[in-house]
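For the numbers below, each heavy atom of this structure counts, side chains included, while hydrogens, waters and symmetry mates do not. Positions are given from 1, in the same order as the sequence printed here.
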Amino acid sequence: MAYQNIKIEINDGIAILTLNRPEVRNALDYVTWDEIRAGMRELRFNDDAHVIILTGAGGKAFASGADIKALNARTVSEQMNSEVNDILYEITMHKKPVIAAVDGYALGGGCELAMACDIRIATKKSKFGQPEVNLGIIPGGGGTQRLQRLVGIGKAKELIFTGDIISAEEAERIGLIEKVVEDGAVLEAAIEMAKKIKAKGPVAVTLAKQAINVGANTDLYSGLCFERYSQAIAFSTADKAEGTLAFIEKRPAQFKGV
């Protein structure tokens, strides 16, 4: 389908979904959120896309957050009917691995979008934060929930209560992101990681993602049970037979996702 605010490119099994509103630092309005959801659903069923990279155009921002003028005009009922949380949950639960390639600001909804991804890589100049309290509101796209799961409850409270904006180095130190790279090199680093993931068994990667997500939101015993059944499913696949045989024969595995 045709998009106004995002663009999608697929090359060699790697899909790049770019927020394409550089003139407003990729601010997240309703149209953009709807297109992100549509784009991610499109990629879910595209067999040419094995790993997805989310990034922002322009080099100044991954996503700078919501349009403040639109926030000022938004009513209680409009906010109650917002589907942003649902869209971000779909990204978290997407069957394919999703890497956030952050170059510049990831604030408010932009930070929440990055947190919904599986892995986050950022340039040194990037900045992260949930500054909603400066506007008299709180994070509304999962920030109060995902941030504490990534950095711990105390640090999450500190960042949300103060609205502080932190550097990429600090974000890496506290566990908000996984890797910091030189300015201008984030997409290259994300593609390199995506290629590494793409070379693995796709069914195994999907099952591992699901098992980790379940374990992060349930008790240990339930997580272990889910892992056991997921492993049993993996053992039923042709990829398992190919992967183990390739190891024995000392050759690269040719996974087919079945």
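Looking at every heavy atom in both residues, A190 comes nearest to A101 through CB-CB, 3.9 Å. When all heavy atoms are compared, the tightest approach of P139 to E132 is CG-OE1, 3.5 Å. The shortest non-hydrogen separation linking L19 to A63 is CD1-CB, 3.8 Å. Nearest heavy atom pair, residue Y3 against residue E42, reads OH-OE1, 2.6 Å. Of all non-hydrogen atoms in L107 and K127, the two that sit nearest each other are CD2-O, 4.1 Å. For the residue pair A49 and I10, the shortest heavy atom distance occurs at CB-CD1, 4.3 Å.
Within 6.0 Å of CD in E227 there are 12 or fewer heavy atoms belonging to other residues, nucleotides or ligands. Counted within 6.0 Å of CG on D47, heavy atoms from surrounding residues, nucleotides or ligands total 12 or fewer; the atom is thus considered open. Within a 6.0 Å radius of CZ in R228, other residues, nucleotides and ligands contribute 12 heavy atoms or fewer. Residue E188 qualifies as open at atom CD: its count of foreign heavy atoms under 6.0 Å is 12 or below. Residue E169 qualifies as enclosed at atom CD: its count of foreign heavy atoms under 6.0 Å is above 12.
Using a 4.0 Å cut-off between charged nitrogen and carboxylate oxygen, E182 and K124 count as a salt-bridge pair. Between E90 and R44 there is no salt bridge, since no side-chain nitrogen of the basic residue lies less than 4.0 Å from a carboxylate oxygen of the acidic one. Ion pairing between a basic and an acidic side chain is recognised when a charged N comes within 4.0 Å of a carboxylate O; R21 and D29 show such pairing. Note on E170 versus R173: salt bridge recorded, some NZ/NE/NH1/NH2 to OD/OE distance being below 4.0 Å. A salt bridge is defined here as a Lys NZ or Arg NE, NH1 or NH2 lying under 4.0 Å from an Asp or Glu carboxylate O, and D103 with K125 meets this definition.
Remark: side-chain polar atoms of T162 are paired, donor with acceptor, to backbone N or O of D164 under 3.5 angstrom. Remark: side-chain polar atoms of T244 are paired, donor with acceptor, to backbone N or O of K240 under 3.5 angstrom. Judged by distance alone, the side chain of N134 and the main-chain N or O of P131 form a donor-acceptor pair under 3.5 Å. T206 contributes a side-chain N or O that, together with a main-chain N or O of P202, makes up a donor-acceptor pair within less than 3.5 Å. R149 places a side-chain N or O within 3.5 Å of a backbone atom of Q145 that can act as its donor or acceptor partner. Proximity of a side-chain donor or acceptor of S126 to a complementary backbone N or O of T123 within less than 3.5 Å is detected. Between the side chain of E242 and the backbone N or O of A253 there is no donor-acceptor pair closer than 3.5 Å. A donor-acceptor distance shorter than 3.5 angstrom exists from the side chain of K209 to the backbone of H94, with no hydrogens or angles considered. Using a distance-only test at 3.5 Å, with no hydrogens or angles considered, no donor-acceptor pair links the side chain of N5 to the main chain of E35.
Put simply, the side chain of F128 does not reach to within 4.5 Å of the side chain of R120, judged on heavy atoms. By the 4.5 Å heavy-atom criterion applied to side chains, I121 and I177 are not counted as neighbours. With contacts defined as side-chain heavy-atom distances shorter than 4.5 Å, the pair N26/Y105 does not qualify. Between K155 and L176 there is no side-chain heavy-atom pair separated by less than 4.5 Å. Counting only heavy atoms from C-beta outward, the side chains of W33 and I36 approach each other to under 4.5 Å. Two residues are said to be in side-chain contact when any heavy atoms from C-beta on lie closer than 4.5 Å; T18 and I8 fail this criterion.
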* To do: Would you check, one step at a time, whether the test side-chain contact (heavy atoms from CB on, under 4.5 Å) holds for I16 with I52?
  => CA-CA 6 Å; I16 301 176; I52 301 167; over 6 Å; no
* Residues K96, V205; criterion side-chain contact (heavy atoms from CB on, under 4.5 Å); working and verdict -> CA-CA 8 Å; K96 298 175 182 179; V205 171; over 6 Å; no
* Apply the test side chain to side chain donor-acceptor pair (under 3.5 Å) to residues R146 and T92: give CA-CA distance (whole Å), side-chain angles for both, the deciding distance (0.1 Å), then the verdict. => CA-CA 10 Å; R146 289 190 178 88; T92 298; 3.2 Å; yes
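Between the CD atom in E172 and the CD1 atom in I166 there is a gap of 11.0 Å [rounded to 0.5 Å]. Taken from CG in L43 to NZ in K95, the straight-line distance is 12.0 Å, to the nearest 0.5 Å. Note that the CZ atom of F62 and the OG1 atom of T55 stand 7.0 Å from one another [nearest 0.5 Å]. Put simply, CD1 on I165 and CG on L159 are 10.5 Å apart, with the number rounded to the nearest 0.5 Å. The line from CD1 of I99 to SG of C117 is 9.0 Å long, rounded to the nearest 0.5 Å. The distance from the CD1 atom of I174 to the CG atom of L150 is 9.0 Å, given to the nearest 0.5 Å.
Defined by atom type and a distance below 3.5 Å, a donor-acceptor pair is missing between the side-chain atoms of D239 and T237. Residues Y30 and E78 have side chains that never bring a donor and an acceptor to within less than 3.5 angstrom of each other.
Residue I119 is not grouped with residue V98 when hydrophobic side chains (ILVMFWY) are merged at heavy-atom distances under 4.5 angstrom, including chains of intermediate members. No chain of hydrophobic side-chain contacts below 4.5 Å, direct or via other Ile, Leu, Val, Met, Phe, Trp or Tyr residues, connects L54 to I14.
Grouped with L207 in one hydrophobic cluster are V203, I233, the linkage being side-chain heavy-atom contacts under 4.5 Å among Ile, Leu, Val, Met, Phe, Trp and Tyr residues.
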